[in-house]
Amino acid sequence: MGGSVFPQWIDRARPLFGVVLAIVPVYLIVMAYYGGSPQTTDVGYMPDQPVPFSHALHAGELGIDCRYCHTTVEKASFAAVPPTSVCMNCHERIAADTALLLPVRESWASGEPIPWVKVHDLPDFAYFDHSAHVSRGVGCLECHGRIDKMDQVRQVASLSMSWCLECHRNPEKHLRPVEFVTDLDWKPSEDQAILGKRLRQENNINPSTDCSTCHR
Amino acid sequence: MMRPTATLRIHDDHVTLAALGARAFPLLAGIGLAALALAAVLGAVRGDGFSYFFHSYLTNYCFVLSIALGALFFVLIQHATRAGWSVAVRRISEILAANVSVLLVLFLPVLAPVLLGSHALYEWTSPAAVAGDHLLEHKSPYLNVPFFGIRCVFYFAVWWLITRFFLRRSVQQDHSGDASLTLSMERFSGPALLLFAVTVTFAAFDWLMSLEPRWFSTIYGIYYFSGAILAGVAAIVLAAAALQASGRLTMSVTAEHYHDLGKLLFGFVIFWGYIAFSQYMLIWYANIPEETVYYLARQTNGWAGVSLALAFGHLLVPFVGLLPRSMKRRKGVLAFWCVWLLVFHWLDMYWLVMPNYSPDAGPPFGLIDVALLVGLVCLYLASAVRVAGGEALVPIKDPRLGESLALENF
Amino acid sequence: MSTITLPAEDNTTDDPRRRAPLTMGGQTLTSITETVARIAERPRPPRAWYVAFAVSSTLTAALILAAIYLIAVGVGVWGNNVPVAWAFDIVNFVFWVGIGHAGTLISAILFLFRQRWRTSVNRFAEAMTIFAVICAGIFPAIHIGRVWFVYWLAPYVNQMAVWPNFRSPLLWDVFAVGTYATVSLLFWYLGMIPDLATLRDRATSRVRRIAYGIFALGWRGSGRQWHRYERAYMLLAGLATPLVLSVHSVVSFDFAVSVVPGWHTTIFPPYFVAGAIFSGFAMVVTLMVPARAFFGLKDLVTLRHLENMNKVILATGCMVGYAYSIEFFIAWYGGNPYEQFAFINRAFGPYTWAYWIMVTCNVVAPQAFWFKKVRTTPWMMVIVCILVNIGMWFERFVIVVTSLSRDYLPSAWEYYRPTAVDITMLLGSFGLFFTLFLLFCRYLPMVAMAEVKAVLPHHHAAGDWQTPAPAEPHANGESHQGIRYPDQVSEGH
Amino acid sequence: MAEKEPTIADAPGGAVAALVAQFAGPDELVEAASQVRDAGYRYWDTHTPYPIHGMDRAMGIRPTVLPWMVLAGGVAGAAAALLMQWWMNAVDYPYIISGKPLFSLPAFIPVTFELIVLFSALTAFVGVLALNQLPQLWHPVFQSRRFARATSDGFFLSIEARDPKFEESRAAELLQSAGAVAIDVCRMPATGREVPTGVYWGVATLAILAILPPLGVAWYRSGAKKLPRIHPILDMDAQPKYRAQAFNPLFPGGMASRPAVPGTIAQGEMDENTALYLGKLGEQWVDEFPVPVSMEAVQRGRERFNIYCAPCHGLTGEGDGMVSQRATRRAEPNWVPPLSLHAEPVRVQPVGQLYNTVTNGIRTMPPYASQISVEDRWAIVLYVKALQRSQHATLDDVPEEMREKLR
């Protein structure tokens, strides 16, 4: 049986096959990185909330400080979602009859909490202390973005480990005077590098990068 | 079945020392004795109770001994593997190995003072040092003078028996051509290797490791062995090259043999590096004070330079140097690397012994070291010349000689 | 000494005046091809193959089920406890990695030592290596507990912004075993390309021609190809030789860099390597003896080959015995009470049975190979080799379990008992090994045909002292039957 | 066999591609190879079942560059390993482990060694295939029927037609005189020369299909998503534990955080000090601050006031906060604008009463006890007092040296 089972063109097509074979692993790796990146999987999470609460209105237009509602941010490890009573501080009298606020009133009446959907949710194996950051001058903006411009809250940072570490290793870029932590519109009055360095020294900020800092 | 050319080669070759031996022996013996005498005088002048002399002597003795032991191992392993390629150089290694009686005599300057109650070399020989020292007391059933002496006698007896056996049989075959002698050497080579392993290990423990009697390392015997085989093979190459330079063996030993010996050198350079690294790495990593103290002494007070010199000179440089094929096939180049390796093997012995003498003052070196090296090497060579006598320098009737003469590397 | 005639059935002569033939039965180029290729070309293997395959694949299935159960439930289904956190898993890992050392050793080191007898057994042993490394790789991967994160061991750019710890011996293992598996596979495959081409050219069905054709890569056995091929083969052999030493040394570092009594001892690297070769060769012989009888390879894999391997087993067995003794001696000599306790506890403590199985099988049993009769009698050598394999498994068991079970703190002392999952996975790993091995026997050339042909006497006679009788070719076109040569070969220089 | 004429087998097909000659044995082939080499051909080769000793010389093959490639591979492996370990463990992720230096050469040697071997071995393998131009599944010599023996027991020599010196009859003559026992003429196949367009179409289709996944990911990445974060392996991501404000179906209201049992007094909240906690002593509002009065307290009070009070009361306490303004704008029917804090009734209130208002609310103002701590409430009262004072200051309040200016 003379001859190869393979036709002659097989050899001519070798460069083509070679290129395809070389591209396939590169393609798969790039896809895994691109598709698996937290930029893809995490950023942009914008769930519908039971009440169409607008931060753009309350925090933006009305200028209510974050801490009016999220009262624990400065002293607890978690940033509390306000209880219905805080809503009712105003909405007992303002827009008290609107349909949009019906779930709030129902909650107020029944005592059942409003099932808000958590947007910035870290994995359970990561320990995060909110107060440690806010009370040292890491602005809300650094993690949450311009909440005061969002009608519906959306995750803007990846909240991945490398993202955390980036700041823990070089905190200067992300520091501001403590009194401005909630000021989403704040701009440094001097070079951020110099300011950050000074603030870091003044406040003795030495973020740990030990595993047990976050995984405890 | 030998090719006619191969058979002719061995018949035409100049394979005995003949007159050279008669000339060289008195010269070597004279120089050796004179150098030893000079060293003894220098040692006495120092006025340190011969402490430096003994340490330097042990360094140089272990160096010379390692050449003989390396050559002995070469003989044994060739028989154990029924090697054919090495037959042309096997007699050289047999002769280099069979100097045990002289080595025993030369060991007396180490052994006798120990027996006579000197504590210059070994701390554990001093009852004052042992008393109250928990570790030394614990080890005293092993580390005591009488048992030390008995073991020394045992090592030399074993080596004497083995080397005699192999040299005698081999020479006998030169005359009788009896192939069954080869068979008997092959059969004995296995048990001989076992005895060799045990004696070399414990000799290294006794003579070198016990210099620092609180320290220990299970790989120590293999460490000494790995350097010894390197020294032995290097000596075989140099001996063959020297004999060829004197017009002997010019047809029997070819570039192919040098190539194979060079490969062995290359392999054992790596093996030494592997063993040395294993010992260092495991002690460095575990970081237990009772073990690291050994390396601490060798990387402080100027000893770090010696340690680094060993890493480069004993491993990295010869590794690169012996890697190309052409380096192994050219006699002159290979001889250079053999001298290089012997120098660094000597430094290795020095590194084992001398930090014990001057852990704080840094590496000492003086005329006394040179005199002892020259003296011991010359006496050893004189003995080798005597051992070779008038016999052939190639096992001329070995049944596998033809195979060796026709050796061709791929 | 002109022509030497030998008894046809035995080439185990010790006569130093001649080299025993490497192959028996008057082999020719054609007969070698026929003998080896026919095994892979049978339309269906004999019934015994099916029986063996059924058994081994059942065990493999058990392994898979046990692994799934373990992954689903957790590592707690093993008998591992505190402080014996390493037990069967690491024992099996070290055992299989050790078994995997024979192949590359035969292929690479014996190649460099010009031991021509290796040609008949190297393919077989290399295949074993790869299968053993596969079996070995399973255990540490599972032992990490979250097997789905096994890729974390690799240093890749990740969103956690962390890198593996290169100062950890466990990561060295990843690199060592990974490199070893890769290089062994390359070496095996490169050596097989000419033989795959043989199978391709003999294939009668289109499927086989395509399948073997693809894997033979279009090999034409051309002079220029052989030239580079031989050089590449030698380079790979040169690389694999230190590699094979490094792999088990790195495995030994897992133990020896620690400060656990009984683990931290400097002789571990060479001792582990010797043990690995020891167990690997024993496994080769154990499998080779039935395989050569079963597949009709007795003329290619002769008693001489087996005897040579048995000698290596004897030599490495003595090295292992040496290491045991030196360890014991230094444990006393070192004067460290913990070290002393560890060794006394090994020999006379709760695991005394394991220790004495180990000593009996590893040190005493191979001493039988001092006798030529045992070295050259198949059933005897198989018994010894099986004992050695058992002993080497127990060696790892003794090292791992006895040292861990008696921690520094007596309050943490615990006796280790394997669970059913442990035992299933041990047996299952054997099942996987034999399954792969049986597939190899069925579809691939078991003997390196091209290499055996190359050591038939005529070939290397060109520059050799053994000039054979002039060849008498019977070349006559279509009915070319190959060329007969005298069956007298040297086994090495 | 030299006297016997070789058989020449030809087959139908296109142009001649190669001549394949069979030889009786290796020695004959080596001899023939040196003849063909001397004849000056370039594209020719020998084919044997195993490497023939001496063939390199006979064919005039120069030593391959492969060893140098492998050496380069090894050096690259060493460099890559050392750089990688240095960068990863000593620079980018420095972390002290078991007291070892960040760059620990002894510990880095095993991996360095393994990568040297790995890179060298891969170079050797890829290099030998590349130099041999493998895989090459089709070759003219495969056209020869007898060539199949080249991998078993035949010894062949082929001369390809692409050789500039090739001429069929001359080449055949040369092979005959060199002692060939048989010669096969290999011709180009009539069909199958060109790569079928289907292959290109297939590759193109795959290429187009391959664009879809990245496009999909890009789309998902760019927009807002209703799906919570996708972690393919959740593992310990969701642990069986409850965090603050999490949902737990076991409890009423689904609240995982349990409220304190009624009557519980947390540490530090034992409100025995009624002046502090209630702003009262008996039935009387306290008129003195039960906390230290300091500038820091005023600052703190201002900050808290701006957070909690300013939305309605305005930053100056005039009652013109943003919320109030918006409610007024929207004409909320239930909305009652807050009283100015500067109004007389408020100004005269004792601090205890102001504190009570913050704590418990008053009229339409809700209580703020849950949002503001006791200390902060007092701070706010302090700040309110300061605010009020600022609107009703007398000249006596101005420091002496400044009074002149005001006049």
Side-chain angles (χ1 to χ4, degrees), chain B residues 1-3 6 80-85 134-135 138-139 142-143 179-180 182-183 186-187 190-191 193-194 197-198 201 205 214-223 263 267 270-271 274-275 277-279 281-283 285-288 290-291 398-400 402-410, chain C residues 1-4 14-19 112-115 167 169 230 234 241-242 245-246 249 252-253 256-259 263-271 273 311 314-315 318-319 321-323 325-327 329-336 370 460 462-467 490-493:
Chain B
M1 126 187 130
M2 232 172 270
R3 263 190 180 173
T81 57
R82 299 179 181 179
W85 70 271
H134 169 73
L135 280 173
H138 172 79
K139 293 178 187 188
Y142 183 79
L143 292 180
S180 66
T182 302
L183 201 57
E186 278 166 11
R187 294 213 168 121
L193 278 168
L194 287 186
V198 171
T201 302
F205 285 174
R214 288 169 200 85
W215 184 80
F216 57 89
S217 170
T218 42
I219 208 173
Y220 200 88
I222 304 173
Y223 182 83
K263 288 187 215 163
I270 299 173
F271 185 71
Y274 164 61
I275 298 297
F277 176 73
S278 298
Q279 177 172 288
M281 157 79 128
L282 295 178
I283 290 174
Y285 201 109
N287 212 4
I288 300 175
E290 65 194 35
E291 295 179 357
D398 190 288
R400 296 189 186 117
E403 198 181 317
S404 179
L405 294 178
L407 173 66
E408 199 178 344
N409 278 281
F410 46 73
Chain C
M1 286 192 288
S2 54
T3 317
I4 297 161
D14 284 334
D15 190 341
R17 284 170 304 180
R18 60 184 190 215
R19 291 296 187 189
L112 296 181
F113 282 166
R114 284 198 300 267
Q115 296 296 307
R167 284 156 289 176
E230 283 194 285
M234 200 173 89
T241 299
L245 296 187
S246 81
S249 298
S252 80
F253 288 162
V257 298
S258 70
V259 294
W263 284 10
H264 175 65
T265 171
T266 49
I267 205 172
F268 254 39
Y271 156 38
V273 171
K311 285 181 179 171
L314 174 59
C318 289
M319 290 183 205
Y322 168 90
S325 326
I326 295 295
E327 270 190 329
F329 173 73
I330 295 288
W332 171 80
Y333 178 88
N336 179 334
W370 286 108
H460 70 106
D464 207 290
W465 61 286
Q466 287 180 314
T467 309
S490 90
E491 71 181 279
H493 280 295

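Below, chains carry the letters A, B, ... as their sequence lines are ordered, and counting in each starts from 1.
For B:Leu194, the part lying under 4.5 angstrom from a heavy atom of chain C is the side chain only. Using a 4.5 Å cut-off between heavy atoms, C:Trp370 contacts chain B through its side chain alone, with no backbone atom that close. C:Ser258 touches chain B through its backbone: at least one of N, CA, C or O sits under 4.5 Å from a heavy atom, while the side chain does not. With a 4.5 Å cut-off on non-hydrogen atoms, B:Leu143 touches chain C through its side chain but not through its backbone. Contacts between C:Tyr333 and chain B at a heavy-atom distance below 4.5 Å involve backbone atoms as well as side-chain atoms. In this structure, no portion of C:Tyr271 lies under 4.5 Å from any heavy atom of chain B.
Of the possible polar contacts, one joining the B:Tyr285 side chain to the C:Arg167 backbone as a donor-acceptor pair under 3.5 Å is found. At least one donor-acceptor pair closer than 3.5 Å links the side chain of C:His264 to the backbone N or O of C:Ala256. The main-chain N or O of C:Ile267 is found under 3.5 Å from a side-chain atom of B:Thr218 such that the two form a donor-acceptor pair. Side chain of B:His138 to main chain of C:Trp332: a donor-acceptor pair is present (N/O by atom type, distance under 3.5 Å, no hydrogens or angles).
C:Glu327 and C:Thr265 form no side-chain donor-acceptor contact under 3.5 Å, judged by distance and modelled atom types alone.
The candidate from B:Tyr223, B:Tyr142, B:Phe271 with the greatest count of non-hydrogen atom pairs under 4.5 Å with chain C is B:Tyr142. Most heavy-atom pairs under 4.5 Å with chain C, from the set B:Thr201, B:Ile275, B:Asn287: that is B:Thr201. In terms of heavy-atom pairs under 4.5 Å with chain C, the best-connected choice from B:Tyr274, B:Tyr220, B:Trp215 is B:Tyr274. Contact count against chain B (heavy-atom pairs under 4.5 Å) is highest for C:Gly334 among C:Gly321, C:Gly334, C:Ala331, C:Ser249.
In this view, C:Phe253 and C:Trp172 satisfy the ring pair (Phe, Tyr, Trp, His ring centres under 6.0 Å) rule, not counting sequence neighbours.
Taking the charged nitrogens against the carboxylate oxygens, B:Glu186 and B:Arg400 do have a contact shorter than 4.0 Å, which makes a salt bridge.
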